[in-house]
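Here the structure is a predicted model, which is why all the values come from computation and not from measurement.
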Amino acid sequence: MMLVGSAQAAIGGLLVGRLGYLAVAQNEKYELLSENNRVQLIVVPPRRGWLIDRHGKPIAINRSDFRVDIIPQQLENPEATLKTLAQLLDLDRDDLDRILEELKDSRGFKPVEVASSVPYEQYAAVTVRLPELPGVQPTRGFSRFYPEGPAVGHLLGYVGTASEKEYEEEKNPLLITPGFKIGKAGLEKTLEPYLRGTPGGQRVEVTARGRLVKELDPKPDRSGRTVQLAIDSDLQTFAARRMGDESGSLIVMDCHTGDVLSFVSMPAFDPNSFSGGIGRTEWRMLSEDDHLPLLNKATQGLYPPGSTIKPMNALALLEHGIDPTERINCPGGYRLGNRFFRCLGRHGPVDMRRAIAKSCNTYFYAMGHRVGYDKIAPMAKRLGLGAKFDLPLVSQNYGTVPNSAWKAKKYKDNPGLVERPDWTASDTLNASIGQGYLLLNPLQLAVMSARIASGRNVQPRLIGVHKQPAPMLGIPPEHLETVRGGMWQVVNGDGTAGASRLPLDGVEMSGKTGTAQVRRITGGQRGQSGDWKYRDHGLFVFYAPSDKPRYAGAVVIEHGMGGSRAAAPVAKDVVTFLYDRQVAMKNLAALEEQWGGTLAERNARRENAFRAAARTTST
């Protein structure tokens with residue numbers, strides 16, 4: 001009895017001591033744990049900042065919507081739950097496959113999106129079934145919306161749920177909050193620090209089983225900043241529609257300040273699809289398209305510029321003492337050794353202005369050979385070719401402005417290449433007409449055009465509206481006037497783009513066409529269409545008005561069979577829109593009727609056809 005009693009007393013003492021320790025020494029700790037169990041903090045995602053154009057028109061906004069998520073760690077019966085949700089939300093096979101894949105890859109902390117932008121009727125149907133759907137979380141919030149759709153896809157990018165890697169890098173609980181999305185591409189990604197905002201919080205009191213008792217003091221969220229772009233939204237949309245079903249890009253700039261008014265790459269994806277969670281079928285349609293709708297061609301596409309760089313060549317020739325009135329006879333080409341470099345025609349005696357107007361290769365072959373390309377390349381770089389611009393873009397491809405030092409280094413660093421490392425006369429001739437090693441992106445061509453038009457060292461700008469003109473380049477005015485005179489003749493004389501003269505009184509456009517080969521062809525093959533991917537690219541650089549330049553830009557139509565045929569007409573309509581919207585829209589309506597509807601209508605028809613084909617293949 002004494003032994004048992006002693007043991008009981010010892011155990012009792014331990015219990016009393018432990019209780020005292022917990023009640024006194026650990027009081028603060030367990031009071032805090034109890035409070036955390038009683039009160040839960042719900043993070044309130046901030047509303048994303050708007051993107052507006054230069055006139056204040058919204059081009060990326062937030063709109064109230066309903067969404068349904070799944071919390072993987074709370075999901076009890078995935079198969080039954082998804083079956084019920086499929087019925088309630090009209091989910092298709094693509095949606096279910098995506099959800100299952102994301103559930104498999106989830107780590108418990110990350111919610112899996114079931115559907116966003118859910119109609120209220122479906123949202124209410126899910127809400128009343130919640131007791132039998134553990135792990136399902138319907139919420140109200142805001143989703144990103146782009147009113148212009150594909151017209152701004154490559155410029156603005158899109159938003160999406162943060163990946164596990166992005167969460168691990170930032171360790172921000174906001175990133176795993178259901179419904180919260182971050183910028184994934186374009187300006188949405190590069191401007192993320194400005195657009196994200198500051199999250200709020202809602203403290204709620206719950207029972208031990210998680211049932212809501214009451215809401216406590218809330219902390220409001222703070223929206224992200226509104227960012228104004230240099231873009232003209234109306235011009236951007238018109239340019240995207242005017243590109244039709246072509247593959248290419250179009251840039252329009254203010255040639256005094258550098259503000260980029262239009263930044264179009266087509267075909268493009270609809271950022272609204274990505275923001276809501278793109279399905280497998282739509283992703284396949286985009287990724288398998290040979291027109292590359294996922295590539296931002298404005299800054300990532302690289303092309304031989306063809307004859308569009310002849311005005312730049314002319315400025316370089318003038319800088320090195322070439323008399324612009326000196327004439328070179330064009331018999332249809334230029335002989336260098338035992339090779340004959342063909343021209344586009346037999347132009348007879350031509351001076352510098354005439355050579356630009358008629359795009360005479362022979363003139364630039366002869367003058368380039370006389371001066372040497374090492375003296376021409378610095379002018380190319382001075383006009384922005386091959387340059388890296390300070391822009392809030394995810395990536396840029398800068399291309400190549402070659403010279404003898406560049407080629408020597410290229411083949412020294414790549415000894416396996418079989419071509420000669422020294423610069424040859426034929427390299428100079430090819431580069432003088434925009435072929436050979438010369439590769440540029442459309443934005444660089446637009447900058448070149450703007451600098452020739454204004455004589456200013458304009459830098460392209462996407463953020464903000466600027467009034468201060470750029471500083472002068474220091475190129476002699478008489479040199480610029482000679483080149484501008486040739487570019488005026490291209491459109492308004494008997495040059496290569498006479499069919500693209502503006503249908504406006506008192507407004508003229510100057511420009512330069514270009515045709516870039518994508519493969520080596522013989523003279524007899526030139527002009528043949530063949531497969532789309534083997535056709536020549538069509539390019540056009542321009543500015544307007546010719547007498548007092550204000551706007552400048554570049555159009556590149558991939559495999560468009562020539563600048564005068566494909567690119568110049570697009571520039572003509574875009575410049576017309578800047579001065580007379582009624583005339584431009586009337587012409588666009590006629591074209592879209594020929595093409596089979598508006599951009600949105602054609603895209604919807606194409607997607608429906610692809611989905612139908614996919615269903616047929618699967619069955």
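- Looking only at distances, a side-chain donor or acceptor of Arg98 sits under 3.5 Å from a matching main-chain atom of Val114.
- Here the side chain of Arg54 pairs no donor or acceptor atom with the backbone of Asp232 at under 3.5 angstrom.
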### Stepwise salt bridge (charged side-chain N to carboxylate O under 4.0 Å, His left out) check, Arg93 with Asp97
CA-CA 6 Å; Arg93 187 70 253 172; Asp97 289 343; 3.1 Å; yes
### Task
Could you go through the salt bridge (charged side-chain N to carboxylate O under 4.0 Å, His left out) check for Lys57 and Asp234 one step at a time?
CA-CA 9 Å; Lys57 182 178 179 179; Asp234 293 340; 2.9 Å; yes
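- By the 4.0 Å N-to-carboxylate-O rule, Arg606 lies close enough to Asp245 to be salt-bridged with it.
- Using a distance-only test at 3.5 Å, with no hydrogens or angles considered, no donor-acceptor pair links the side chain of Lys181 to the main chain of Arg144.
- Side-chain contact, Thr598 with Glu592: no donor N or O sits under 3.5 Å from an acceptor N or O.
- Remark: Gln582 CD is loosely packed, at most 12 non-hydrogen atoms of other residues, nucleotides or ligands lying under 6.0 Å away.
- Without hydrogens or angle criteria, Ser510 side chain to Tyr543 main chain gives no donor-acceptor distance under 3.5 Å.
- Side chain of Glu192 to backbone of Gly183: a donor-acceptor contact under 3.5 angstrom is found.
- For Glu508 and Lys548, the salt-bridge test fails: no basic side-chain N is under 4.0 Å from an acidic carboxylate O.
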### Glu148/Arg241 under salt bridge (charged side-chain N to carboxylate O under 4.0 Å, His left out): CA gap, chis, key distance, verdict
CA-CA 11 Å; Glu148 306 304 331; Arg241 291 174 60 184; over 6 Å; no
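- Relative to the six-membered ring of Tyr194, Arg225 misses at least one condition, a distance below 6.0 Å or an angle of at most 45° to the axis.
- With contacts defined as side-chain heavy-atom distances shorter than 4.5 Å, the pair Leu438/Pro305 qualifies.
- Using the six-membered ring where Trp is involved, Tyr551 and Tyr579 have ring planes that are perpendicular, over 60° apart on the 30 and 60° scheme.
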Show every donor-acceptor pair shorter than 3.5 Å between a side-chain atom in residues 462-469 and any protein atom, with sequence neighbours excluded, or say none if there are none.
residue, atom, partner, partner atom, Å
His466, ND1, Asp259, OD1, 2.8

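- Looking at heavy atoms from C-beta onward, Val458 lies out of side-chain contact with Thr257 at the 4.5 angstrom threshold.
- For Arg605, the CZ atom is densely surrounded, since the number of other residues' heavy atoms within 6.0 Å is greater than 12.
- No donor-acceptor pair closer than 3.5 Å links the side chain of Thr400 to the backbone N or O of Pro402.
- A donor-acceptor contact shorter than 3.5 Å links the side chain of Asn608 to the backbone of Ala604.
- In this structure, CD on Gln228 lies 10.0 Å from OG1 on Thr226, to the nearest 0.5 angstrom.
- Between the side chain of Asn457 and the main chain of Pro471, no donor-acceptor pair closer than 3.5 Å is present.
- Heavy-atom neighbours of Lys586 NZ from other residues, nucleotides or ligands within 6.0 Å: at or below the threshold of 12.
- Ion pairing between a basic and an acidic side chain is recognised when a charged N comes within 4.0 Å of a carboxylate O; Arg48 and Glu188 show such pairing.
- Defined by atom type and a distance below 3.5 Å, a donor-acceptor pair is missing between the side-chain atoms of Gln396 and Asn441.
- Side-chain contact check for Gln444 and Tyr398: no donor-acceptor pair (N or O, by modelled atom type) lies under 3.5 Å.
- A donor-acceptor contact shorter than 3.5 Å is absent between the side chain of Asn397 and the backbone of Leu302.
- Here Leu295 contributes atom CG and His154 contributes atom NE2; the two are 7.0 Å apart, rounded to the nearest 0.5 Å.
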### Query
Given the rule in the salt bridge (charged side-chain N to carboxylate O under 4.0 Å, His left out) test, do Arg67 and Asp69 qualify, once you have shown the distances and angles that lead to the verdict?
CA-CA 7 Å; Arg67 57 180 292 110; Asp69 296 308; 2.6 Å; yes
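- Evaluated for a side-chain contact (heavy atoms from CB on, under 4.5 Å) with Phe263, the options Asn296, Leu229, Val252, Leu391 yield exactly one hit, Asn296.
- For the atom pair His55 NE2 and Ile231 CD1, the distance stands at 10.5 Å (nearest 0.5 Å).
- Classified by interplanar angle (parallel below 30°, tilted 30° to 60°, perpendicular above 60°), the ring pair Phe540/Phe542 is parallel.
- Between the side chain of Glu601 and the backbone N or O of Gly596, no donor-acceptor pair lies under 3.5 Å.
- Within 6.0 Å of CG in Asp290 there are more than 12 heavy atoms belonging to other residues, nucleotides or ligands.
- Residues Ser163 and Glu166 have side chains that bring a donor and an acceptor to within less than 3.5 angstrom of each other.
- The aromatic rings of Phe269 and Tyr158 sit perpendicular to each other, their planes meeting at more than 60°, with 30° as the lower class boundary.
- Ion pairing between Glu170 and Arg196 holds under the 4.0 Å rule for side-chain N and carboxylate O.
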